[in-house]
Amino acid sequence: AIGCDHAGFALKGKLMRYLGERGFRLKDMGTYSEESCDYPDIALALGRAVVSGECARGILICGTGIGMSIAANKIAGIRAACCSDTYSALFTRLHNDANVLCIGARVVGEGLAADLAEIFLTTPFENSGNHPRRVAKLSDMEKL
Ligand code: RB5
């Protein structure tokens, strides 16, 4: 699933083309124009699609990526990571099993955004050692 607010609209289009050409199947959760909208609405719709299993992972784009990540992380079952470097995009999959990547369209260029998305979508969780226990603790914290 991929979604954005007005600030991320242009980058969403570019990422959809890039990822589509590489064979990823995408569900566009909006927004569908540069008209101003509220990022929590998009984060909620996309988060629900990921938690329900309808979509394996999500990519959310706003101006900074931060509003989207704050919103998405309110949803039980979502582990959203706002990344602007490829090392973080790699390790948030390997160690955190992040299921939503947030990107700031006003922070990173389209080339880096494409790399972030591709790394995020192709890197598995390192499901061994300390990592599963720590991710389970994240899930437990949703019950606090
Ligand atoms: C919209 O101007 C901007 O606030 C939004 O895209 C995002 O950066 C919020 O975190």
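Ligands are counted one by one from 1 in listed order, and the atoms in each one are counted from 1 as well.
Within the 4.5 Å cutoff, side-chain heavy atoms of Ile42 are placed close to those of Met68. Looking at Asp85 and Ser88, their side chains come closer than 4.5 Å, going by heavy atoms from C-beta outward.
Distances below 4.0 Å separate heavy atoms of Gly63 from the following atoms of ligand 1: 5 (C), 6 (O), 7 (C), 8 (O). Proximity to Cys62 (heavy-atom distance under 4.0 Å) selects the following atoms of ligand 1: 6 (O), 7 (C), 8 (O), 9 (C), 10 (O). Ligand-side atoms of ligand 1 in range of Ala7: 6 (O), range being under 4.0 angstrom from any heavy atom.
At most 12 non-hydrogen atoms from other residues, nucleotides or ligands lie less than 6.0 angstrom from CZ of Arg48.
Grouping Ile, Leu, Val, Met, Phe, Trp and Tyr residues whose side-chain heavy atoms lie under 4.5 Å apart, directly or via other members, places Leu116 in a hydrophobic cluster with Ile2, Leu11, Leu15, Met16, Tyr18, Leu19, Phe24, Leu26, Ile59, Ile61, Leu101, Ile103, Val107, Val108, Leu112, Phe120, Leu121.
Counting heavy atoms under 4.0 Å from ligand 1, residue Arg106 touches it through the side chain alone. With a 4.0 Å heavy-atom cut-off, ligand 1 is reached by the backbone of Thr64 and by its side chain too.
Under the 4.0 Å distance rule, the nearest protein heavy atom to atom 6 (O) of ligand 1 falls inside the cut-off.
The protein heavy atom nearest to atom 1 (C) of ligand 1 is His6 NE2, 3.6 Å. The nearest protein atom to atom 10 (O) of ligand 1, hydrogens excluded, is given as Gly67 N, 2.9 Å; this is a heavy-atom distance.
Under the rule for a ring-ring contact (aromatic ring centres under 6.0 Å, His included), the partners of Phe91 that lie at least two apart in sequence or sit in another chain are Tyr87, His95.
Ligand 1 has no nitrogen or oxygen under 3.5 angstrom from a nitrogen or oxygen of Met68. The shortest N or O to N or O distance between Tyr39 and ligand 1 is not under 3.5 Å.
The only option from Asp97, Asn96, Leu90 that meets the side chain to side chain contact (heavy atoms under 4.5 Å, CB included) definition with Leu94 turns out to be Leu90.
Contact record, Thr122 with Glu118: OG1-O, 2.7 Å, taken as the closest heavy-atom pair.
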